[in-house]
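Data first, discussion second: the structure below is written as C-alpha cells.
We use all heavy atoms of the structure for the numbers below, so side chains are in, but hydrogens, waters and symmetry mates are not. Quick caveat, the model's predicted, so the values are computed rather than measured. Lettering of chains follows the sequences in order, A, B, ..., and the numbering in each one begins at 1.
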Amino acid sequence: MSVRVRFAPSPTGQVHIGNIRAAIFNWLFARHEGGKFLLRIEDTDRERSTPEAVKTVLDAMSWLGLDYDEEPLYQSTRQKAHMEAAEQLLKSGHAYKEDKGGTGKGECIVFRMPGEDMMFSDVIKGDLRKSAKDMSDFVIVRSDGTPTFHLANVLDDIEMKITHIIRGDDHVENTFRHIALFRSLQADVPKYGHLPMIINQQGKPYSKRDGAAFVGEFREKGYLASALFNYLTLLGWSPGDDREKLTRDELISSFTLDRVKSGPAQMDIRKLTHLNAQYIAELPIDQFCKVARDVVVRMNWGVNVEEALFIKVCKLMQSRTHTFSAVEDWKYFFSDNIAYDEKSVKKTIAKEGVKSILILLKERLAEIDFSEGTIEKVIRGVEKENGIGEGKLNQPIRVAVTGVSIGAGIYETMVLLGKNRTLAKLEYVINNLCI
RNA sequence: GCGCCCAUCGUCUAUCGGACAGGACACAAGGUUUUCAUCCUUGGAAGCGGGGUUCGAUUCCCCGUGGGCGCGCCA
C-alpha cells in the first residue's frame, strides 16, 4: 500500500516552528517513499479560522516548498460525517451519553475505552504500552453538539486514507485513544511516529516569548527557506554521516523515520544563521538581488534605489551577508542622509587633527576620476604627507562616508558611492562632526 | 501525585559491544585581509551517578538522579 501522510494545521494566524517541522518530516517521508503528502485544514474553530489565517498557512508552506498532492480537506465541511459516525458509535455501544460531572451543560457523547491493555509500535519511539487502568473514557461530542479533536481527527484520517501519522511528541497519549477509535470504527489503524519537541534555551517548548517561534518571523528576519528547511531537518534527525548541509534531493533520498531521535532538541539560532550564510553565499546573484530588494522595499527609505547600482552593491555585500536583515544597513549607498554611529565617530573622526586631513583628502579626491586604484593612491598620498601610517586613514574615511565602522572594502565602497556623494559626505563631516 | 518517554562536548548530532568517542555551531588563539565578513590552521570541550551482564560497555539490564510529555466538553 502506498504511503499517504498529512499535515493538519489549525489556521490560527501563525505557523509555529514545531508544526512546520512536523510538516517537513511528513513531506520528506512522503517524497522518500514515493507516497502522497496531503493537507487538511482543521478550521473548526470558526472564530480564529479566518481565510487570512488559512492563507498564512498556505504561504508558509509554499515558501518552504511543501507542495501537497490532493485538494486540501477542510474539516469544517465534515461536520455531518462526524456526527453520523458519533451516532454509529452510540448504536454499536462504543459510546454513551452522559452529563459529565454534572456540569449542567447537558449531555455529551463519551467514547468507551476497551478496558484492556494496549500497545503500539511507534516508528520512532519503538513499542509503547499503556495499561487499561491508565486510560479513561473521553468526550467525542460536546454537549453543544460539536465533535472534539479526537473524533474529527480520526474520522478525517480515515476519510483521507492516511497510512502514517507523524506528529508531535505531545500526542503519544492521545494515540491510544485514537487507535481505539479506529478499531471501533472498523478502520485500519495507521502507523504512528512521534517527533521529539523543539525546545528553547530553558528546555521548554518554543513559545512566542522566545522570539522567533513562527515561520513568518524567520522570513522577516532574513532567513532563506532553503536554510530554515535544512536546519529544521537537523533537529532530531541526521543522515547518519557527517553531512549537515544537504540539498532537498539529498534530504529526500536519505530521510527515514528510524533515524529520528526521540529526545527533545534545542533550537540554536546561531547554527541556523551559519547555515543561512552558506545558502546566501551560493545564491545566484539575481536571486540574491531579488530577496535583498524585498527588504529595501519594506524598509521604505524614501530614496530612489537605482537597479544598476543596487546590483553592484549586492555583488559587493553578498559574501558578508548572514541574514537578509543586513540589507537594512545598506542605506548609505543610496541616500545622502545617513545616520552616523556615535561611537565610531568618536573613535575615528572627532579627534584633533582629523579635520585638516579630511579637507585635504576632499580636495585631492575632487581632482580624480573614481576607481579603486586612484582612490587608494590619493589616500596613501595624504597619509604620507601627514606622516600617518599606511592604511591608518581607512577607518576614519569609512566612518565619514558610510557612518559606520564595518563594511566592504573602503575603496570599492567609495567607487559605488560615487564621487559626488563621497565628497558631499566628507563636506558634511568636516563641517559638523570634526572638532 | 500517577503514567509514558528520554539521557554523548555549552548546543545539534555520529557511534547499530571492540582502536585516540567523530563532525558541525559557538568559543579561544594564530594566519590571510585596508575595517568587517569570508577563508585557512590550531586548541579547549562530552559518555549523569551506582550496580550488574561480558574477555570487553557510551552501546544491553536494573536502581537512582535529571529532563520532557500527558493526565479537559483545548487542539
Which nucleotide sits closest to the side chain of [X]: [options]?
{"X": "A:His322", "options": "B:G70, B:A75, B:A37", "answer": "B:A37"}
{"X": "A:Leu128", "options": "B:U8, B:C4, B:G10", "answer": "B:C4"}
{"X": "A:Ile406", "options": "B:A24, B:U35, B:C6", "answer": "B:U35"}
{"X": "A:Lys261", "options": "B:G22, B:A14, B:A75", "answer": "B:A14"}
{"X": "A:Ser238", "options": "B:C73, B:A14, B:G68", "answer": "B:A14"}

- Name the nucleic acid region contacted by A:Gly168, choosing base, sugar-phosphate or nothing; use a 4.0 angstrom heavy-atom cut-off, strictly under.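 Counting heavy atoms under 4.0 Å across all strands, no contact is made by A:Gly168.
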
Exercise. For A:Ala408, answer base if it contacts any base atom (sugar-phosphate contacts may also be present), sugar-phosphate if it contacts only those atoms, and nothing otherwise; contact means non-hydrogen atoms under 4.0 Å.
Key: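 Touches a base.
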
Distance between the [atom1] atoms of [N] and [M], in whole angstroms?
{"N": "B:C62", "M": "B:C25", "atom1": "C1'", "value": "37 Å"}
{"N": "B:U59", "M": "B:G17", "atom1": "C1'", "value": "7 Å"}
{"N": "B:G66", "M": "B:U8", "atom1": "C1'", "value": "15 Å"}
{"N": "B:A24", "M": "B:C5", "atom1": "P", "value": "35 Å"}
{"N": "B:A57", "M": "B:C4", "atom1": "C1'", "value": "27 Å"}
{"N": "B:G50", "M": "B:U11", "atom1": "C1'", "value": "28 Å"}
{"N": "B:C9", "M": "B:G47", "atom1": "P", "value": "7 Å"}
{"N": "B:C16", "M": "B:G22", "atom1": "C1'", "value": "16 Å"}

Nearest-Å distance for atom pair [atom1]/[atom2], residues [X] and [N]:
{"X": "A:Tyr231", "N": "B:U13", "atom1": "OH", "atom2": "C1'", "value": "11 Å"}
{"X": "A:His274", "N": "B:C25", "atom1": "NE2", "atom2": "P", "value": "4 Å"}
{"X": "A:His194", "N": "B:C6", "atom1": "NE2", "atom2": "P", "value": "14 Å"}

**Study point:** From A:Phe111, A:Phe149, A:Phe138, A:Tyr192, residue fulfilling ring-ring contact (aromatic ring centres under 6.0 Å, His included) relative to A:His178
**Key:**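 One option only clears the test, and that one is A:Phe149.
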
Assess whether one donor atom and one acceptor atom, taken from the side chain of [X] and the base of [N], lie less than 3.5 Å apart.
{"X": "A:Asp268", "N": "B:A26", "value": "no"}
{"X": "A:Arg320", "N": "B:C36", "value": "yes"}
{"X": "A:Arg398", "N": "B:U35", "value": "yes"}
{"X": "A:Ser143", "N": "B:C73", "value": "yes"}

[N], OP1 or OP2 - any side-chain N/O from [X] closer than 4.0 Å?
{"X": "A:Lys125", "N": "B:C69", "value": "no"}
{"X": "A:Arg177", "N": "B:A75", "value": "no"}
{"X": "A:Arg259", "N": "B:A14", "value": "yes"}

Quick one: on RNA chain B, does A:Ser319 or A:Trp237 contact a more 5' nucleotide (nearest heavy atom)?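 Result of the comparison: A:Trp237.
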
Exercise. When you match A:Asp134 and A:Gln266 each to their closest nucleotide on RNA chain B, which lands nearer the 5' end?
Worked result: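 Going by which nucleotide is closer to the 5' end, it is A:Asp134.
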
Given the rule in the ring-ring contact (aromatic ring centres under 6.0 Å, His included) test, do A:Phe310 and A:Phe333 qualify, once you have shown the distances and angles that lead to the verdict?
CA-CA 9 Å; A:Phe310 188 65; A:Phe333 283 109; 9.7 Å; no

Query raised in the report: So, for A:Trp27 and A:Phe7, is the gap between ring centers shorter than 6.0 Å?
Result: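 No, too far apart.
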
- May I ask you to check whether A:Phe324 and A:Phe288 place their ring centres under 6.0 Å from each other?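 When the ring centroids of A:Phe288 and A:Phe324 are compared, they turn out to be within the sub-6.0 Å range.
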
Report task. Could you tell me whether a side-chain N or O of A:Lys125 sits under 3.5 Å from a main-chain N or O of A:Val172, the two making a donor and an acceptor? Result ->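 Looks like no, no N/O pair under 3.5 Å.
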
